[in-house]
Amino acid sequence: MPIPSGYDDMYAVVRRIPGGRVATYGQVAALAGRPGAARQAGYALAALPPESDVPWHRVINARGEISARRTTGPFETIQADLLRAEGVLLDDRGRVDLERFRWDPP
DNA sequence: GAATTGACGCGGC
DNA sequence: GGCCGCGCCAATT
């Protein structure tokens, strides 16, 4: 069975991330069947509209930080707020404890 | 069709 | 702990 075209795979993986958990771009890429293509994962989410049913806010970089997309806008603040609302704790630097909140895929 | 760009990850120094 | 270079794929110009 053929793989879905475009970033569909990435979106599917992100949708499987349970609330209160976070995943890294590399993790999403690997689960989508493209290990090493972390860039691809990031770009895929970047192209996602905020209206999407994909919880893109649960995806962060390997440092546990919220990646700044272009300019320091309200978006990163919103993402942090959404994560807190799910029970994910952020430290003073806006970092997530990956050892604690990293999604453990089946 | 080629070149450029874009929310990254990891190894090495 | 921070900086450098390479790899990765798709969409856009």
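Numbers restart at 1 for each chain; the letters A, B, ... are given by sequence-line order, proteins then strands.
Contacts classified as salt bridge (Lys or Arg N to Asp or Glu O under 4.0 Å) and involving residues 35-44 of chain A (residues at least two apart or in different chains) are not found.
When the P atom of B:dA7 is taken as reference, atom CE of A:Met10 falls 15 Å away, rounded to whole Å. A:Arg39 places its CZ atom 8 Å from the C1' atom of B:dT5, with the value rounded to the nearest Å. When rounded to the nearest whole Å, the span between CH2 of A:Trp56 and C1' of B:dC8 equals 17 Å. Distance A:Arg34 CZ to C:dC9 P: 7 Å, rounded to the nearest Å. As a whole-Å value, the separation of A:Tyr43 OH from B:dT4 P is 16 Å. Rounded to whole angstrom, the span from the CD1 atom of A:Ile60 across to the C1' atom of B:dG9 amounts to 14 Å.
Residue A:Leu83 holds its CG atom at 7.0 Å from CD1 of A:Ile60, rounded to the nearest 0.5 Å.
Across C:dG7, C:dA10, B:dG9, the shortest atom-to-atom separation from the side chain of A:Gln40 is found for C:dA10. Nearest nucleotide to the A:Tyr25 side chain, out of B:dG6, B:dA7, C:dC8: B:dA7. Closest approach to the A:Ser67 side chain among C:dA10, C:dG7, B:dA7 is made by B:dA7 (side chain taken as heavy atoms from C-beta onward). Comparing atom distances between the A:Ala38 side chain and each of C:dA10, C:dC9, B:dG9 picks out B:dG9 as nearest. Nearest nucleotide to the A:Leu45 side chain, out of C:dA10, C:dG7, B:dA7: B:dA7.
Nearer the 5' end of DNA chain C, as judged by each residue's closest nucleotide, is the contact made by A:Arg93, out of A:Arg93 and A:Pro35.
For the pair A:Arg21 and A:Glu86, the salt-bridge criterion is not met [side-chain N within less than 4.0 Å of a carboxylate O].
When heavy atoms are screened at a 4.0 angstrom cut-off, A:Gly36 is found touching base atoms of the nucleic acid.
Under a 3.5 Å cut-off, the side chain of A:Arg58 and the backbone N or O of A:Ile17 do form a donor-acceptor pair.
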